[in-house]
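As a basis for the values below, the full set of heavy atoms in this structure was taken, side chains included, without hydrogen atoms, waters or symmetry mates.
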Amino acid sequence: MTIPTSSSRAPIVVIAPDSFKGSLSAEEVAAAIGAGIQAAIPDAQVRLCPIADGGEGTLDALMHAGGEHLSVNCRNAAGQYFSAPVGILKNGSAVVESAAIVGLTDLAGTAVAVAERTTLGVGDAILDLLDRGARHFLVALGGSSTNDGGAGLLAALGVKFLDASGDSVPPIASQLQRIASVDTSALDPRVKEAHFVAMSDVDNPLCGEEGATAVFGPQKGIQPEQVAPLDQALAHFASLLEAALGRQASRLPGAGAAGGLGYALLMLGAQFRSGAETVADHIGLDQALAGADWLITGEGRSDAQTLHGKAPFIASQRARRAGVPTTLLSGGIDRKSLEKLQSSFSGCFSIAFGPMSLPDAIAQAPGLLKDSGEQLARLWQASAVRQG
């Protein structure tokens, strides 16, 4: 993001922050920083490019460039029906955000134990969009609360899971070990006509030490003693599903995303892509960086994991290719990670001006972002004056 000192120097500012999850959307974050910049430099040209990495906020970021906002009737992680947001982009691609359907922040959906949660609702959303004529899908996987290997999604699309007696097995993690056979004969035929892009910032396999249950299960509520049996249940489920569909995907990168929801999509032939890269392409980030002097990007909290495919890192990489310096402005910065972060960012800053609680920081986020944006702009302007 660059901030020249006057209109004669074609002032251009590019802002592409990730959302401050649970507080502001990416668009609101970008607008707040932009307001701060223009408070310091009134004639600065500000280009707002909200971005996300395949998790919460991805739908809003993609829809920033235009499209049709829709609502679908689908099930949350607890199997209760509700209305969830989806979208159709200008190019006809349908956007389904898993976090908006089976997300970790949904109190009703997470009221049941992880092993009882289901991704049926994600399948419901895809079915609804298929009915509306969609055949190209962008499915954001981050922020899910489930660990069912995508069995719920597949069940909603017509796949049947049967026990040794031929009775139906519920598509939840606690029941996957009971499955004796998989019947794909009723899989919605329109699925074969569709193209799916599974978006995530993780590339874990489905099972094992680096798999969905071991790595992401604990943050969803899975207890240490549950990891091994639930991981084994996923492996059992995968062996039967792969035999039924004649395809293998459990070891592919991204199969472990969203508790195995990535695996189910890969089994349907999905292309797995970096969420941030996909969003950056669709919002035209490269075009926004053309001729820019400076990029400001950020997220709720930045640490070494930011450099592993998170939206700020992807934005900084694209800015570097365009010859544009990048400043990181986040809710919080892990001091121990500064050395690593500095390899990708020209300065790393927190929006907090002093000690404050997380609830206070969230409540004051709009003002903190605006004030921080203004102070960064004043610093940039002073540096530009000295250099000029």
**Report entry** Chi angles and distances behind the side chain to side chain donor-acceptor pair (under 3.5 Å) call for Ser316, Thr326
**Finding:** CA-CA 6 Å; Ser316 73; Thr326 302; 5.4 Å; no

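- A single hydrophobic cluster is seen to contain both Leu187 and Phe237, as judged by linkage of ILVMFWY side chains at heavy-atom distances under 4.5 Å, directly or through other members.
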Query raised in the report: Does the pair Phe196 and Val191 meet the rule for a side chain to side chain contact (heavy atoms under 4.5 Å, CB included), with working shown?
Result: CA-CA 9 Å; Phe196 297 93; Val191 170; 4.0 Å; yes

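- Looking at heavy atoms from C-beta onward, Tyr81 lies out of side-chain contact with Cys74 at the 4.5 angstrom threshold.
- Ser83 contributes no side-chain N or O that, together with a main-chain N or O of Asn73, makes up a donor-acceptor pair within less than 3.5 Å.
- With a 6.0 Å radius and a threshold of 12 heavy atoms from other residues, nucleotides or ligands, Glu116 has its CD atom above the threshold.
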Query - Arg273 vs Asp281, salt bridge (Lys or Arg N to Asp or Glu O under 4.0 Å): CA-CA, chis, key distance, verdict - result: CA-CA 11 Å; Arg273 284 204 68 198; Asp281 287 342; 3.2 Å; yes

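- Separating the CG atom in Leu265 from the CE atom in Met199 is a distance of 10.5 Å, to the nearest 0.5 Å.
- Residues Leu266 and Leu268 have side chains not in contact (no heavy-atom distance under 4.5 Å, counting atoms from C-beta outward).
- In the displayed structure, Gln219 atom CD is contacted under 6.0 Å by more than 12 heavy atoms of other residues, nucleotides or ligands.
- Residues Phe345 and Pro312 are in side-chain contact: their nearest non-hydrogen atoms beyond the backbone lie under 4.5 Å apart.
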**Report entry** Worked verdict on Val86 versus Val95 for side chain to side chain contact (heavy atoms under 4.5 Å, CB included)
**Finding:** CA-CA 6 Å; Val86 294; Val95 183; over 6 Å; no

Requested in this report: Could you check Arg178 against Gln175 for side chain to side chain donor-acceptor pair (under 3.5 Å), going step by step and ending with a plain yes or no?
Outcome: CA-CA 6 Å; Arg178 288 181 49 212; Gln175 300 297 308; 2.7 Å; yes

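- Arg320 contributes no side-chain N or O that, together with a main-chain N or O of Pro325, makes up a donor-acceptor pair within less than 3.5 Å.
- The two residues Ile51 and Ala280 make their nearest non-hydrogen contact at CD1-CB, 4.1 Å.
- Neither Leu252 nor Val197 shares a network with the other; the hydrophobic side chains, linked directly or stepwise wherever heavy atoms of I, L, V, M, F, W or Y lie under 4.5 Å apart, form separate groups for each.
- Side chains of Leu329 and Thr297 form no contact here, defined as non-hydrogen atoms less than 4.5 Å apart.
- With Asp124 contributing its side chain and Arg75 its backbone, the two residues share a donor-acceptor pair below 3.5 Å.
- Using a cutoff of 4.0 Å between basic side-chain nitrogens and carboxylate oxygens, Glu277 and Arg318 are scored as salt-bridged.
- The CG atom of Leu241 sits 8.5 Å away from atom OG1 of Thr184, with the distance rounded to the nearest 0.5 Å.
- Atom CD of Glu209 sits in a sparse spot, with 12 or fewer heavy atoms from other residues, nucleotides or ligands closer than 6.0 Å.
- Of the possible polar contacts, one joining the Ser98 side chain to the Ala140 backbone as a donor-acceptor pair under 3.5 Å is found.
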Requested in this report: Go through the steps for Asn76 and Val102 under the test side chain to side chain contact (heavy atoms under 4.5 Å, CB included), then give the verdict.
Outcome: CA-CA 5 Å; Asn76 64 12; Val102 292; 5.6 Å; no

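- The side-chain heavy atoms of Asn147 and Leu234, taken from C-beta on, include a pair separated by under 4.5 Å.
- Side-chain N or O atoms of Glu242 include one that pairs as donor or acceptor with a backbone N or O of Ala249 at under 3.5 Å.
- No side-chain donor-acceptor contact under 3.5 Å links Glu225 to the backbone of Gln223.
- There is no path of hydrophobic side-chain contacts, each under 4.5 Å, that joins Leu261 to Val114.
- Side-chain N or O atoms of Asp148 include none that pairs as donor or acceptor with a backbone N or O of Thr118 at under 3.5 Å.
- Under the 4.5 Å side-chain criterion, counting only non-hydrogen atoms from C-beta, Ile283 is not in contact with Pro50.
- Tested against Val182 for a side-chain contact (heavy atoms from CB on, under 4.5 Å), the candidates Val159, Leu154, Leu162 yield a single pass: Val159.
- When atom types are taken as modelled, the side chain of Arg247 and the backbone of Met267 share a donor-acceptor pair closer than 3.5 angstrom.
- Taken to the nearest 0.5 Å, the NE2 atom of His136 stands 7.5 Å off from the CG atom of Asn91.
- Remark: Gln305 CD to Asp201 CG distance equals 9.0 Å, nearest 0.5 Å.
- Ile179 has its side chain out of reach of Asp163: every pair of non-hydrogen atoms, C-beta onward, lies at least 4.5 Å apart.
- Between Ser185 and Asp183, the side chains place a donor N or O and an acceptor N or O closer than 3.5 Å (distance only, hydrogens not considered).
- Hydrophobic clustering of Ile, Leu, Val, Met, Phe, Trp and Tyr side chains at less than 4.5 Å, counting indirect connections, unites Ile101 with Leu127.
- Two different hydrophobic clusters hold Leu289 and Ile314 under the rule that ILVMFWY side chains link at heavy-atom gaps under 4.5 Å.
- The local environment of CZ in Arg251 is sparse, with at most 12 non-hydrogen atoms from other residues, nucleotides or ligands closer than 6.0 Å.
- A salt bridge does not link Lys336 to Asp303: none of the charged side-chain nitrogens sits closer than 4.0 Å to a carboxylate oxygen.
- A side-chain donor-acceptor contact under 3.5 Å links Thr306 and Glu299.
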Query raised in the report: What's the verdict on side chain to side chain contact (heavy atoms under 4.5 Å, CB included) for Phe349 and Ile333, showing C-alpha distance, side-chain angles and the deciding distance?
Result: CA-CA 7 Å; Phe349 300 88; Ile333 303 285; 6.0 Å; no

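- Thr58 places a side-chain N or O within donor-acceptor distance of the main-chain N or O of Gly55, the cut-off being under 3.5 Å.
- Other residues, nucleotides and ligands place more than 12 heavy atoms under 6.0 Å from the CD atom of Gln271.
- Rounded to the nearest 0.5 Å, atoms CG (Leu328) and CD (Gln342) are 10.5 Å apart.
- Other residues, nucleotides and ligands contribute more than 12 heavy atoms inside 6.0 Å of the NZ atom of Lys220.
- For the atom pair CG of Leu120 and CD1 of Ile172, the computed distance is 9.5 Å after rounding to the nearest 0.5 Å.
- Between Gly260 and Leu206, the shortest heavy-atom contact is CA-CD1, 3.6 Å.
- Proximity of Pro205 to Glu210: side-chain heavy atoms (C-beta onward) are separated by under 4.5 Å at one or more points.
- At least one donor-acceptor pair closer than 3.5 Å links the side chain of Ser337 to the backbone N or O of Ala304.
- Scanning all heavy atoms of the two residues, the minimum distance from Ala194 to Leu130 falls at CB-CD2, 4.4 Å.
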